[in-house]
Protein chains: 2
Amino acid sequence: MPRIKTCVEAIYEGVGRVNSRIPGLPVSEVLLVRLLMLTAGALLREFEDKLKPYGLNDSDFRTLMMLYSSEDGTGTPGELCLLADQKPTNMTRIANALAKRDLISRSHATHDRRQVVLRITPAGRRFVAKMLPPMFPSLVESFACFSAAERKTFERLLKKLALHIDPLVDPDATS
Amino acid sequence: MPRIKTCVEAIYEGVGRVNSRIPGLPVSEVLLVRLLMLTAGALLREFEDKLKPYGLNDSDFRTLMMLYSSEDGTGTPGELCLLADQKPTNMTRIANALAKRDLISRSHATHDRRQVVLRITPAGRRFVAKMLPPMFPSLVESFACFSAAERKTFERLLKKLALHIDPLVDPDATS
DNA sequence: GCCTGATATTTCACCAGCGAACTATTAGCC
DNA sequence: GGCTAATAGTTCGCTGGTGAAATATCAGGC
């Protein structure tokens with residue numbers, strides 16, 4: 001009994017009926033935004049199921065990966081908030097969780113003692129190197145329905161959309 | 001200082017560096033899934049900002065809209081869970097919240113007394129008719145970067161992806 | 001009619017994430 | 001040097017969402 005298919009059908013039918021009652025509904029946009037959120041939510045759940053055995057959620061994982069992939073393996077909470085799309089409050093919790101498992105270390109910056117420097121530990125690097133490869137197959141499978149061309153197109157459109165809504169979300173932005 | 005742009009760049013750079021350390025990384029898939037989640041998250045935040053003045057979050061809103069757009073304005077919690085992609089636990093909370101504001105009513109089904117029937121009230125219909133149109137412009141603006149053709153393509157690919165991952169998310173599904 | 005198992009919903013205890021307020025430090029200005 | 005404003009992190013209290021257990025009802029075999 002497929003969950004997502006039911007939702008997709010409900011979205012299309014619902015939008016159709018709403019449109020007949022409230023003219024002016026931007027049908028195309030509603031469909032896009034609902035499909036986008038539904039799909040992203042499903043992929044997130046699937047991914048976090050895979051992460052669960054390692055005791056991580058997606059935010060923790062993203063933060064760890066940002067440190068793993070940074071030039072020198074370090075970053076301040078503020079930087080990581082920008083890179084991993086997090087709020088400072090949550091970054092504190094994430095850093096606590098990762099530090100408690102010795103995947104990262106905490107220290108103070110010398111030039112600005114307000115800043116905290118998070119650094120991925122050797123154990124953290126080993127952890128990433130070990131847990132990452134097993135996640136590849138299901139990720140590949142998720143997008144197996146796309147041809148190479150479709151993948152490229154989808155990526156291009158997603159990127160375009162992401163950059164377009166950027167200033168809309170944060171109104172006082174000066175690109 | 002754009003948030004999303006920074007994230008997009010971080011994703012591309014991060015994936016590049018991770019790939020040079022852990023060969024075999026499915027680069028294309030990682031980019032797609034990260035862009036998808038990032039974009040959906042941004043759109044969700046933007047949308048919930050618009051909903052906040054009405055005292056709703058997206059889950060409440062989706063549930064209310066499913067009742068609004070249903071044939072007879074009714075539905076059971078179980079049905080709504082399927083249609084609105086929610087867990088039963090949360091649907092109880094949503095129904096409580098909507099019922100407290102008299103946007104929906106609760107009653108028992110006669111043929112199966114286990115079931116609860118939720119029904120959108122006249123006040124609920126008026127509420128939807130009033131709060132929906134003001135949300136159209138920003139939704140249209142969000143997708144204004146797409147041509148009609150791009151919109152169609154994006155919708156087609158999203159739908160294809162959503163239906164493809166459906167059985168993957170829920171393994172014991174029998175389409 | 002009664003027992004067994006399945007189904008619909010709710011309750012409970014918990015986790016993740018958020019805004020607002022707080023602390024510590026820095027930078028600018030006189 | 002000392003006052004003010006800005007910045008980096010953290011703490012706190014709250015909301016939204018979840019899994020597991022509890023409750024109530026139904027369906028089937030006997």
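All values derive from a computational prediction rather than experimental measurement. Computed over heavy atoms, backbone and side chain alike; hydrogens, waters and symmetry mates excluded. To find a chain, count down the sequence lines: A is the first, B the second, and so on, and within it residues start at 1.
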Nearest to the side chain of B:V116, heavy atoms from C-beta on, is which of D:dG17, D:dG9, C:dT9?
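Minimum distance to the B:V116 side chain belongs to C:dT9.
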Between B:F47 and B:F61, is the gap from one ring center to the other below 6.0 Å?
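Yes: the rings meet the under 6.0 Å criterion.
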Rounded distance in Å - [atom1] ([X]) to [atom2] ([N]):
X	N	atom1	atom2	answer
B:Q86	D:dG17	CD	P	6 Å
A:N90	D:dA8	CG	P	18 Å
B:R93	C:dC14	CZ	C1'	15 Å
A:D58	C:dG17	CG	P	9 Å
B:N96	D:dG16	CG	C1'	14 Å
A:Q115	D:dA6	CD	P	19 Å
B:H108	D:dC26	NE2	P	11 Å
B:N57	D:dG17	CG	C1'	10 Å

With respect to the phosphate group of [N], does any side-chain polar atom (N or O) of [X] fall under 4.0 Å of OP1 or OP2?
X	N	answer
A:S59	C:dA16	no
A:T76	D:dG9	yes
B:R62	D:dG16	no

Could you run down nucleotides 19-26 of chain C 5' to 3' and tag each one B, S or - for protein heavy-atom contact under 4.0 Å?
BB---BBS
On the ring face of A:F154, is B:K160 found with NZ or CZ under 6.0 Å from the centre and within 45° of the axis?
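Verdict for A:F154: no cation-pi partner in B:K160.
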Are A:M37 and B:D85 close enough, and set up right, to give a side-chain contact (heavy atoms from CB on, under 4.5 Å), and what steps lead you there?
CA-CA 11 Å; A:M37 289 180 185; B:D85 193 27; over 6 Å; no
Within the structure provided, determine whether A:L64 and A:F127 are in side-chain contact (heavy-atom separation under 4.5 Å).
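They are in contact (side-chain heavy atoms under 4.5 Å apart), so the answer is yes.
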Report whether B:L163 and A:L32 are members of the same hydrophobic cluster (ILVMFWY, side-chain heavy atoms less than 4.5 Å apart, transitive linking).
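Same cluster: B:L163 reaches A:L32 through Ile, Leu, Val, Met, Phe, Trp or Tyr contacts under 4.5 Å.
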With rounding to the nearest 0.5 Å, note down the distance linking CD1 in A:I120 to OG in A:S105.
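Between A:I120 CD1 and A:S105 OG, I get 10.0 Å after rounding to 0.5 Å.
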Only distances under 3.5 Å count here; give the side-chain donor-acceptor pairs of residues 134-145 of chain A to other protein atoms, sequence neighbours excluded, each with its distance to 0.1 Å.
unit_1, atom_1, unit_2, atom_2, d
A:S142, OG, A:E46, OE1, 3.4
A:S142, OG, A:S138, O, 3.0

Counting any heavy atom closer than 4.0 Å, what does A:P77 reach on the DNA or RNA strands: base, sugar-phosphate only, or nothing?
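Sugar-phosphate, backbone atoms only, no base.
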